[in-house]
Amino acid sequence: MKQALRQKARELGKSLSEAERQRRSASVYAQLVELLEAFDYQRIGIYMPMHDEPDLGDLYDFLELESKELYLPRVLDDERIAMLRYRSGDTLERNGRFALREPELGASPMLEPLDVVLVPAVHFYQGYRLGRGKGYYDRYLAELRPRHLVGLSLGLLGQTPFDPDPWDEVMDFVLQPKTNDTDR
């Protein structure tokens, strides 16, 4: 079931116009900025978006202006990711099966839980994340769960249910486009 949902989300993501993706991303961005204002935090895990994930635009530059420390995931091997320090302008390289833009190896990984981690997904149901199927975030979060875990999605599958696996980590907050923001 999960694999079929991933496939459907990939297809929907590919068919999404850039204007619609930006509308959906803007809705998620606005909610995220409001949510982050309520948190007391210094270190935040971010991500570089794929085509079917919310693009958070200028958020990273804004966070740096606010003197927040940014961390990006880096795939280390077939099972693990680490969060590495990121600053605007740092060189990113394509890495791994998904060709994600990630920090170059060389920075030491953060070995303590971050204050906030933003986790992208193709879908959420009842706080559970449907990712890409490799379990990187689940393993990372089981070991280094942050104070605030925020899931972000473009909401392509609506409220489609799925059964979580025992190892799936539930999000503290899930942000998806508000319906009225995407029905234009």
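Heavy atoms only: backbone and side chains are in, while hydrogens, waters and symmetry mates are out. Keep in mind that what you see is a predicted model, and the values were worked out from it rather than measured. For the single chain, residues carry numbers from 1 onward in sequence order.
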side-chain contact (heavy atoms from CB on, under 4.5 Å) assessment of Thr160 paired with Tyr125: CA-CA 7 Å; Thr160 305; Tyr125 180 68; over 6 Å; no

Criterion side-chain contact (heavy atoms from CB on, under 4.5 Å) on Leu84 and Leu72, from CA distance to verdict: CA-CA 5 Å; Leu84 303 179; Leu72 272 174; 5.8 Å; no

Residue pair Glu11, Gln7: steps toward the side chain to side chain donor-acceptor pair (under 3.5 Å) verdict: CA-CA 6 Å; Glu11 291 168 6; Gln7 181 60 35; 3.0 Å; yes

Evaluation steps, side-chain contact (heavy atoms from CB on, under 4.5 Å), between Glu37 and Val33: CA-CA 6 Å; Glu37 287 176 1; Val33 168; 3.9 Å; yes

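Remark: Tyr86 pairs with no residue by the ring pair (Phe, Tyr, Trp, His ring centres under 6.0 Å) rule, at least two apart or across chains. For Tyr71, the side-chain hydrogen bond (donor to acceptor under 3.5 Å, both in side chains) partners are Glu69, not counting sequence neighbours. For Lys2, the side chain to side chain contact (heavy atoms under 4.5 Å, CB included) partners at least two apart in sequence or on another chain are Arg6, Leu130, Phe162, Asp165, Asp168. Phe173 meets the ring pair (Phe, Tyr, Trp, His ring centres under 6.0 Å) test with Phe39; sequence neighbours excluded.
For Met48 against Leu92, the heavy-atom pair with the smallest separation is CE-CD1, 3.8 Å. The nearest pair of heavy atoms linking Val117 to Met83 is CG1-CE, 4.0 Å. Across all their heavy atoms, Gln176 and Ser27 have their closest contact at O-OG, 4.4 Å. Among all heavy-atom pairs drawn from Pro109 and Ala82, the shortest one is CB-CB, 3.6 Å.
At least one side-chain heavy atom of Met171 sits less than 4.5 Å from a side-chain heavy atom of Val119. Between Leu157 and Leu12 the shortest side-chain heavy-atom distance falls below 4.5 Å. By the 4.5 Å heavy-atom criterion applied to side chains, Leu36 and Leu32 are counted as neighbours. Counting heavy atoms from C-beta on, the side chains of Met110 and Arg43 come closer than 4.5 Å. At least one side-chain heavy atom of Met1 sits less than 4.5 Å from a side-chain heavy atom of Leu5. Side chains of Val75 and Glu102 form a contact here, defined as non-hydrogen atoms less than 4.5 Å apart. Residues Arg101 and Met50 have side chains not in contact (no heavy-atom distance under 4.5 Å, counting atoms from C-beta outward).
Counting non-hydrogen atoms of neighbouring residues, nucleotides and ligands closer than 6.0 angstrom, the NZ atom of Lys68 exceeds 12 such neighbours. In this structure, Asp58 places its CG atom where only 12 or fewer heavy-atom neighbours from other residues, nucleotides or ligands lie under 6.0 Å away.
From Tyr137, atom OH reaches atom CZ of Arg129 across 6.5 Å, with rounding to the nearest 0.5 Å. How far CD1 of Ile44 is from CG of Leu70: 7.0 Å, rounded to the nearest 0.5 Å.
If you run salt bridge (charged side-chain N to carboxylate O under 4.0 Å, His left out) between Asp52 and each of Arg132, Arg21, Lys14, Arg10, only Arg132 comes through.
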Side-chain donor-acceptor pairs under 3.5 Å in residues 59-67, sequence neighbours left out?
unit_1: Tyr60; atom_1: OH; unit_2: Tyr47; atom_2: O; d: 2.5
unit_1: Asp61; atom_1: OD1; unit_2: Ser88; atom_2: OG; d: 2.8
unit_1: Glu64; atom_1: OE1; unit_2: Ser88; atom_2: N; d: 3.1
unit_1: Glu64; atom_1: OE1; unit_2: Ser88; atom_2: OG; d: 2.3
unit_1: Glu64; atom_1: OE2; unit_2: Ser88; atom_2: N; d: 2.9

Tell me which donor-acceptor pairs under 3.5 Å the side chains of residues 139-154 have, and how far apart each pair is, sequence neighbours excluded?
unit_1: Arg139; atom_1: NE; unit_2: Glu79; atom_2: O; d: 2.5
unit_1: Arg139; atom_1: NH1; unit_2: Lys134; atom_2: O; d: 3.4
unit_1: Arg139; atom_1: NH2; unit_2: Glu79; atom_2: O; d: 3.1
unit_1: Arg139; atom_1: NH2; unit_2: Lys134; atom_2: O; d: 2.7
unit_1: Arg145; atom_1: NH1; unit_2: Glu169; atom_2: OE1; d: 3.0
unit_1: Arg145; atom_1: NH1; unit_2: Val170; atom_2: O; d: 3.3
unit_1: Arg145; atom_1: NH2; unit_2: Val170; atom_2: O; d: 2.8
unit_1: Arg145; atom_1: NH2; unit_2: Asp172; atom_2: OD1; d: 3.2
unit_1: Arg147; atom_1: NH1; unit_2: Asp40; atom_2: O; d: 3.4
unit_1: Arg147; atom_1: NH2; unit_2: Asp40; atom_2: O; d: 2.5
unit_1: Arg147; atom_1: NH2; unit_2: Asp115; atom_2: OD1; d: 3.3
unit_1: Ser153; atom_1: OG; unit_2: Gly155; atom_2: N; d: 3.0

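Arg23 has no carboxylate O lying under 4.0 Å from a charged side-chain N of Glu18, or vice versa, which leaves the two without a salt bridge. Look at Asp55 and Arg24 and you find no salt bridge, because none of the NZ, NE, NH1 or NH2 atoms lies under 4.0 Å from a carboxylate O.
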